[in-house]
Structures are given as structure tokens and as C-alpha cells.
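Take a look at the structure set out below.
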Amino acid sequence: ILNADVKWNKEKKQIDIHAIADDGPQAKTYIDGFVAPGPGPGYIDLGIRADGTYLDFAHSFTSSFIGHIDGHGKGHARVIGPLDAINLTGELVLNGQAYVKTLGCTYEMRNDTVRMVPNEIAFVHCPIYDIHGNQGILTGGIHHVELTNLTYDIYVSADNLLAYDFPDFGDELFYGTVFVQGTAAIHGRDDEVLIEADVTPQEHSFLVYNAATPDAITNTEFIRWGSKADLA
């Protein structure tokens, strides 16, 4: 529910905005600022105070690799710049969960601080938790060019963290559950996701490969098959 006091400021030739977005007793967003329509490209300067604001809006930045986001944020942000070059600054404290589609895993953030600087939403040493309570440390950021051309570089240091969790084959050749120790990087560019990992599987991990035809194993170049004797 949006309650907005919007007025034309004749002297400054701008639209003054004072509003409250009310999503319930523990989720309100306060908006104060203006939009100047021109002449020229125009200008926007909106101060935003998040008091339990739902994080659903962040899905538009991360939909290429995150299935859904649930949670709330508190802090201050600012939408500012020419109307053809808008940017976002500020700092929010987040509590919530995000489902990473490429890994099949849900991770939780607890009172983690996210900083917004021009053309980047930055994560700095943020603890994250899997559904079993195991911890990893997340750094990196979501990059944009004036809220367009979104890319991301996310780095995770894992301590027995659930890193892959699919219960069946679906449309893929693999399924399984994998807990890892080590580091990983997730890069997103132009609808392409690149995952680089240097990790060691931990106890309770398993991975099943679908060798659907007799020659599937010999034709799969990215797997090297061997035995325990080969590793001795």
C-alpha cells in the first residue's frame, strides 16, 4: 500500500515526493525526494529509508542465477542521477534466503551488510549458511551500468558447505548432494554462468552420473575414469 504526497514545485520546477510504502507492521519503506523532468534529460534524487523492506525487488538484478529471494532489509539508499543515467547508493542490512538455481541450494544471510556504490552492489565478507547451518563466506558484487547491463562476480570460501543439491536427474546428466571445503567463484555475463571451483568433497557427499548408453563413458571427454590403484 503506497501513501504518497506528490506536489509540483513551481519554483524549482520539480516534482516533490514524500511517500510511505506499507507492507505490514514490520515492513515499511519511506521515500523522500524529487524528480525534475527537465529541460534536458531531467534528474532524480530519492532518499529511501528501508525499515523491514521486502527484498523481492533484488530479484530483478539476480534472476539469471537466483530462483527466488525472501527476506527483509533495513538501512538507507539513494536513487540519484540524470534520468538517462540513474544510479543507486547506500547501505542495507539483510536478513533472508536466496535459492541459487545452478546449484539447487538455498542460502541464508543473517544481519549481513550490503553496500551500494555507483554501478555496484558489493558484498564484503558476508557469512552465509546452508539449510544444515554450515557456513561459507561470500564476497564480490553485482555490477551494472546505471542499472542496466547487469553482471556479477561472486566468491565463496566454504567450510563443509552444501554446494550442489539435486534429488534426481531431471534434464541433466548428474544428480546428487555435495558438501565442500575450499573456494569457488561464480561469474555471470550475458546470460552465461561460469563456475570455477577448487574444492574437496566432504563426508555425506555423493554424485550420480547417467551413463545412458554403452559408449557414454568413453565419449565423455570431461571425465577421467580411473581406479583407486591409479591414485596410489
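As a basis for the values below, the full set of heavy atoms in this structure was taken, side chains included, without hydrogen atoms, waters or symmetry mates.
Counted within 6.0 Å of NZ on K28, heavy atoms from surrounding residues, nucleotides or ligands total more than 12; the atom is thus considered enclosed. Heavy atoms from other residues, nucleotides or ligands lying under 6.0 Å from CG of L194 number more than 12. Within 6.0 Å of the NE2 atom in H18, the count of heavy atoms belonging to other residues, nucleotides or ligands exceeds 12.
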**Request:** Let me see the working for D165 and L103 under side chain to side chain contact (heavy atoms under 4.5 Å, CB included), right down to the final yes or no.
**Result:** CA-CA 6 Å; D165 192 26; L103 304 179; over 6 Å; no
**Message:** Y54 vs H72, test: ring pair (Phe, Tyr, Trp, His ring centres under 6.0 Å). Steps then yes/no.
**Reply:** CA-CA 5 Å; Y54 283 105; H72 301 268; 4.5 Å; yes
**Request:** Walk me through it: do Y107 and D130 pass the test side chain to side chain contact (heavy atoms under 4.5 Å, CB included)?
**Result:** CA-CA 5 Å; Y107 298 108; D130 66 21; 4.1 Å; yes
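With a 4.5 Å cut-off on side-chain heavy atoms, H144 and N87 count as touching. Here the side chains of K7 and N9 are not in contact, with every heavy-atom distance at 4.5 Å or above. At least one side-chain heavy atom of W8 sits less than 4.5 Å from a side-chain heavy atom of K13.
Both I195 and F123 are part of a single hydrophobic cluster, where members link through side-chain heavy atoms under 4.5 Å apart. No continuous path of hydrophobic side-chain contacts links V199 to F179 [ILVMFWY only; heavy atoms under 4.5 Å]. I20 and I17 are members of different hydrophobic clusters when ILVMFWY side chains are connected at heavy-atom separations under 4.5 Å. Hydrophobic clustering (side-chain heavy atoms under 4.5 Å, transitive across Ile, Leu, Val, Met, Phe, Trp, Tyr) keeps I31 apart from F34. Follow the hydrophobic side-chain contacts under 4.5 Å out from I66 and you reach L55 in the same cluster.
In this structure, F169 and Y175 have perpendicular ring planes: the angle between them is above 60°, well past the 30° mark.
Rounding to the nearest 0.5 Å places CD1 of I142 at 9.5 Å from CD of E120. Taken from CG in N160 to CD in E203, the straight-line distance is 8.5 Å, to the nearest 0.5 Å. Taking CG of L147 as the reference point, atom CD1 of I121 lies at 8.0 Å (rounded to 0.5 Å). Put simply, CG on N119 and CG on L88 are 10.5 Å apart, with the number rounded to the nearest 0.5 Å. Separation of atoms CZ (F166) and CG (L207) is listed at 11.0 Å; rounding is to 0.5 Å. Distance check: D22 CG to D51 CG gives 10.5 Å after rounding to the nearest 0.5 Å.
Between the side chains of D159 and Q181, at least one donor N or O sits under 3.5 Å from an acceptor N or O.
Taking every heavy atom of both residues into account, A50 and G73 meet most closely at CB-O, 3.6 Å. Scanning all heavy atoms of the two residues, the minimum distance from F206 to V208 falls at CD1-CG2, 4.0 Å. Closest approach of C126 to T113, counting heavy atoms only: SG-O, 3.7 Å. Considering all non-hydrogen atoms of both residues, D70 and H68 come closest at OD2-CD2, 3.5 Å. Nearest approach of A27 to G52, heavy atoms of both residues: CB-O, 3.2 Å. Nearest heavy-atom pair, Q97 versus T106, reported as atom, atom and distance to 0.1 Å: CB-CG2, 3.9 Å.
Between R189 and D153, at least one side-chain nitrogen of the basic residue sits less than 4.0 Å from a carboxylate oxygen of the acidic one, meeting the salt-bridge criterion.
Aromatic ring centroids of H125 and Y155 lie 6.0 Å or more apart.
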